[in-house]
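Structure, as structure tokens:
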Amino acid sequence: MIIHSAIPISWNKALQALILLAVVSVASAQTVKEDDRPVVEESKQIINQAADPKLPSFFIVGDSTARSDAPMRGWADEIAPYFDSKKINVINRAIGGRSSRTYIQEGRWDKVLSEMKAGDFLLVQFGHNDVGPVDARGKFRGTLRSTGEDTEIINRPDGSVEIVHSYGWYLKKYIQDARAKGIFIIIATPVPHKDWANDFAEHRKLASIVANETQVALIDVTAITGKTYDVLGKEKVDTLFSDQRTHTNITGARINAESVIASL
């Protein structure tokens, strides 16, 4: 895991404790076409709960690249077996079609935060839906490409007005809210597309800036998975996806899960 040197020792120890709970076995240009990225209805998802509420929990917040239904599969759907269920709960709260903005705007983050307790762990990974326009052209889920306080006012179809913030602003909100509750947070860069070269370069940089400013752990899943794809080669990588370039099948999801574990 890429841990910035300014992180307090207590945080390093907590993150090391998380890793000790993991049982790890890690294996080591086409025309761009956009895939459909529907906003998944929560009623259609099974909400997994902590198997043992007395144990610490590892929560995952993200989009469809972390959680999807068959034949697509998200990496966080496949990560629980890498952890000892007798020592930690793994709770996947990712949902398709969300960005760092809409996960908060819908009230979803407040719900997850209310479930969490001091000593829990949280991994936040957004990006795939943050890259689009902030208005209707991007399904009202894009974020501003900066880490600052800049905003844009959006008029929504229902007549309401929304103040849209930067990608970095939203990441900082997750960090601030989690820290206030004694939760150890990790920021992860997005898993790459099938055409992985230089993927998410801008958002990786923004996430790194936020991690440095806030002194939290950052894992560069984009880079780790990209290196794996380099080794596998295009022909093999093509077999890991269920659609044109975005969503993995179960084999691809397991490789991405291994990338997260390797980063940790």
Side-chain angles (χ1 to χ4, degrees), residues 1 18-19 21-28 30 33-40 42 44-48 57-85 88-99 103 121-130 186-197 199-200 203-204 219-264:
M1 174 160 50
L18 171 63
I19 308 315
L21 297 176
V23 181
V24 188
S25 175
V26 181
S28 179
Q30 64 181 34
K33 297 180 180 179
E34 286 303 325
D35 296 303
D36 185 28
R37 297 176 185 175
V39 177
V40 174
E42 186 174 28
K44 295 181 179 180
Q45 285 194 320
I46 297 174
I47 306 300
N48 60 319
S57 295
F58 179 38
F59 283 80
I60 298 155
V61 164
D63 54 38
S64 59
T65 62
R67 186 177 188 186
S68 289
D69 294 325
M72 300 185 298
R73 193 75 171 162
W75 65 262
D77 294 316
E78 299 298 324
I79 204 168
Y82 292 94
F83 291 87
D84 186 343
S85 61
I88 191 167
N89 304 299
V90 177
I91 303 177
N92 185 2
R93 286 287 185 268
I95 185 169
R98 271 58 175 195
S99 65
Y103 201 95
F121 298 86
L122 169 69
L123 187 148
V124 174
Q125 184 191 68
F126 287 106
H128 279 264
N129 298 310
D130 286 79
I186 305 162
I187 298 297
T189 63
V191 295
H193 292 89
K194 186 190 294 185
D195 43 324
W196 66 93
D199 206 13
F200 291 106
H203 284 77
R204 288 171 64 201
I219 60 175
D220 195 344
V221 179
T222 322
I224 295 292
T225 300
K227 290 177 181 177
T228 300
Y229 288 177
D230 284 338
V231 173
L232 294 175
K234 182 181 181 304
E235 184 176 346
K236 176 62 177 177
V237 171
D238 284 350
T239 69
L240 304 179
F241 286 78
S242 291
D243 53 17
Q244 291 287 346
R245 61 190 289 264
T246 305
H247 298 99
T248 53
N249 53 34
I250 190 168
T251 303
R254 287 172 178 170
I255 286 175
N256 289 339
E258 289 169 355
S259 291
V260 173
I261 294 296
S263 300
L264 292 173

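- Between Ala66 and Ala94, the closest heavy-atom pair is CB-CB, 3.6 Å.
- The structure places CZ of Phe126 at 6.0 Å from OH of Tyr103, a figure rounded to the nearest 0.5 Å.
- Residue Ile219 holds its CD1 atom at 7.5 Å from OG1 of Thr189, rounded to the nearest 0.5 Å.
- A distance of 4.5 Å separates CD1 in Ile255 from CG in Leu240, rounded to the nearest 0.5 Å.
- Residues passing the side-chain hydrogen bond (donor to acceptor under 3.5 Å, both in side chains) test with Ser57, sequence neighbours excluded: Asn89.
- In terms of heavy atoms, Ala253 sits closest to Gly74 at CB-O, 3.6 Å.
- Shortest non-hydrogen contact noted between Arg204 and Asp199 is CD-O, 3.7 Å.
- Each of Thr222, Thr225, Asp230 was checked for a side chain to side chain donor-acceptor pair (under 3.5 Å) with Trp196, and the lone residue meeting it is Asp230.
- Side-chain contact between Thr239 and Thr251 is absent, with no heavy-atom pair separated by less than 4.5 Å.
- Residues meeting the ring-ring contact (aromatic ring centres under 6.0 Å, His included) test with Phe200, sequence neighbours left out: His128, His193.
- For Pro192 against Gly226, the heavy-atom pair with the smallest separation is CG-N, 4.2 Å.
- Considering only residues two or more places apart in sequence or on other chains, Thr248 meets the side-chain hydrogen bond (donor to acceptor under 3.5 Å, both in side chains) condition with none of them.
- Between Arg67 and Asp77, some side-chain heavy-atom pair lies under the 4.5 Å cut-off.
- If you take CG on Leu123 and CZ on Phe59, they are separated by 13.0 Å, rounding to the nearest 0.5 Å.
- Here the OH atom belonging to Tyr82 is positioned 3.5 Å from the CD atom belonging to Glu258, to the nearest 0.5 angstrom.
- Contact annotation: the side chain of Ser259 never approaches that of Trp75 to less than 4.5 Å [non-hydrogen atoms, C-beta and beyond].
- A distance of 11.5 Å separates CG of Asn256 from CD1 of Ile224, quoted to the nearest 0.5 Å.
- Judged by distance alone, the side chain of Lys194 and the main-chain N or O of Gln244 form a donor-acceptor pair under 3.5 Å.
- One N or O on the side chain of Asn129 and one on the backbone of Arg98 form a donor-acceptor pair closer than 3.5 Å.
- A heavy-atom distance below 4.5 Å is found between the side chains of Thr65 and Gln125.
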